[in-house]
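Right, one structure below, let's go through it.
Predicted model only: the values in this text are computed from it and were never measured.
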Amino acid sequence: MQRVKEYGYVIIGAAFVALAFNLFLLPNRVASGGVSGISTILNAVLGWEPGIVQLSFNIPLFFAGVVLLGRQFGLKTLVGTVTLPLMVLWTRDIQPATMDPLLASLFGGIGVGIGLGLVFRGRASTGGTDLAAQIIHKYTGLSLGTCVAIIDGLIVISAAIVFDIELGLYALLSLYVTSKTIDMVQVGIGYSKTIIIISEKEAEVREAILTKLDRGVTKLTAHGGYTLNEKPVLMCVVNQQEFTKLKQVVQSIDASAFVVVMNASEVLGEGFKRE
């Protein structure tokens, strides 16, 4: 059942990317990196069909990845590599949603980000320049992030040269929106809060968290940096809705308590949602 769910993520994700490409990015010539960006440029310059261009890049890169990087790319990645260009071909006659490049950059970036985020949730990839970046990473020693940035940067620069600087900037904007949307799909938008509490009334605060908020709390042992005296530290993770109540509870017990609040982008375990 889990494998069926993962394949579903890959196929639905590829559909999102293809629709975002044909509805927003291609008609507005926003080449926001990746093989889709290359196909946008080649379509404008040579009139080549984007879906065919993407398929022509993706398949050789997939097999090059298998040969040069090993058999770490499963069937799901091959499905993503092939499905995306086919979806682009299938939806190529759809009417553009807008001819405003700013709106196209924003909503195209969001659509691509949602699609890629779903594909990544399916533990797969759509291939393309991601595989090229991994190959470069292996044989040059550059970090993977640097390799991806170099490839996407060259595509955006090419778009600025072929089209104009403004469209190059729109492509850069779309690339940024895509990366942020992928993160949002991967970890969600409901950030939890990690709370660190140092209080002279540790026992009362701990009891209040357990009873009034019905949340687990972990007691840690720490030492003061100046006195080196041992003192207890409480750590608790709460969701957004519980955060305000927790602050009120702590302040009502010990107004001088030292409290540190941090975002927890993903929390797994009892009491929190699990994928």
**Prompt:** Checking side-chain contact (heavy atoms from CB on, under 4.5 Å) against Arg215, which of Ile195, Val238, Val237 comes through?
**Reply:** Val238
**Request:** Give me the one residue out of Asp164, Ile165, Leu169 that meets side-chain contact (heavy atoms from CB on, under 4.5 Å) with Leu167.
**Result:** Asp164
Heavy-atom side-chain contact between [X] and [Y] under 4.5 Å:
| X | Y | answer |
| --- | --- | --- |
| Phe21 | Thr40 | yes |
| Val177 | Phe107 | no |
| Ile197 | Asp254 | no |
| Asn43 | Val53 | no |
| Val35 | Asn58 | yes |
| Val162 | Arg29 | no |
| Tyr176 | Leu172 | no |
| Phe243 | Val261 | yes |

When clusters are formed by joining ILVMFWY residues with side-chain heavy atoms under 4.5 Å apart, either directly or through shared neighbours, do [X] and [Y] land in the same one?
| X | Y | answer |
| --- | --- | --- |
| Ile253 | Ile198 | no |
| Val185 | Leu106 | yes |
| Leu118 | Ile110 | yes |
| Leu246 | Leu220 | no |
| Leu26 | Val156 | no |

Show the nearest heavy-atom pair for residues [X] and [Y], with the distance to one decimal.
| X | Y | value |
| --- | --- | --- |
| Ala18 | Leu84 | N-CD1, 3.9 Å |
| Thr98 | Ala104 | CG2-N, 4.0 Å |
| Ala20 | Gly108 | CB-O, 3.7 Å |
| Gln95 | Leu23 | O-CD2, 3.3 Å |
| Gly34 | Thr129 | CA-OG1, 3.3 Å |
| Ala171 | Ala31 | CB-O, 3.3 Å |

**Request:** For Ile136 and Ile151, run side-chain contact (heavy atoms from CB on, under 4.5 Å): C-alpha distance rounded to whole Å, both residues' side-chain angles, the deciding distance at 0.1 Å, then the answer.
**Result:** CA-CA 10 Å; Ile136 295 171; Ile151 293 173; 3.9 Å; yes
**Prompt:** Val10 and Thr83: side-chain contact (heavy atoms from CB on, under 4.5 Å), yes or no, with the steps?
**Reply:** CA-CA 9 Å; Val10 174; Thr83 301; 5.6 Å; no
Tell me whether [X] contacts the main-chain N or O of [Y] through its side chain, where contact means a donor paired with an acceptor under 3.5 Å.
| X | Y | value |
| --- | --- | --- |
| Ser105 | Ser174 | no |
| Asn28 | Val30 | no |
| Asn22 | Asp93 | no |
| Arg92 | Pro50 | no |

Measure the [atom1]-[atom2] distance between [X] and [Y] for me, rounded to the nearest 0.5 Å.
| X | Y | atom1 | atom2 | value |
| --- | --- | --- | --- | --- |
| Ile11 | Met87 | CD1 | CE | 6.5 Å |
| Gln54 | Leu61 | CD | CG | 12.0 Å |
| Lys180 | Ile182 | NZ | CD1 | 11.0 Å |
| Thr81 | Leu86 | OG1 | CG | 11.0 Å |
| Trp48 | Ser56 | CH2 | OG | 8.5 Å |
| Ser252 | Lys247 | OG | NZ | 13.0 Å |

**Message:** Could you check whether Lys219 pairs with Glu202 (Lys NZ or Arg NE/NH1/NH2 to Asp/Glu carboxylate O, under 4.0 Å)?
**Reply:** yes
**Message:** Let's go through Leu25 and Val112 carefully: what are the C-alpha distance in whole Å and the side-chain angles of both, what is the deciding distance for side-chain contact (heavy atoms from CB on, under 4.5 Å) to 0.1 Å, and is it a yes or a no?
**Reply:** CA-CA 10 Å; Leu25 302 180; Val112 171; 3.8 Å; yes
**Chi angles and distances behind the side-chain contact (heavy atoms from CB on, under 4.5 Å) call for Leu102, Leu173** = CA-CA 9 Å; Leu102 177 58; Leu173 173 63; 3.7 Å; yes
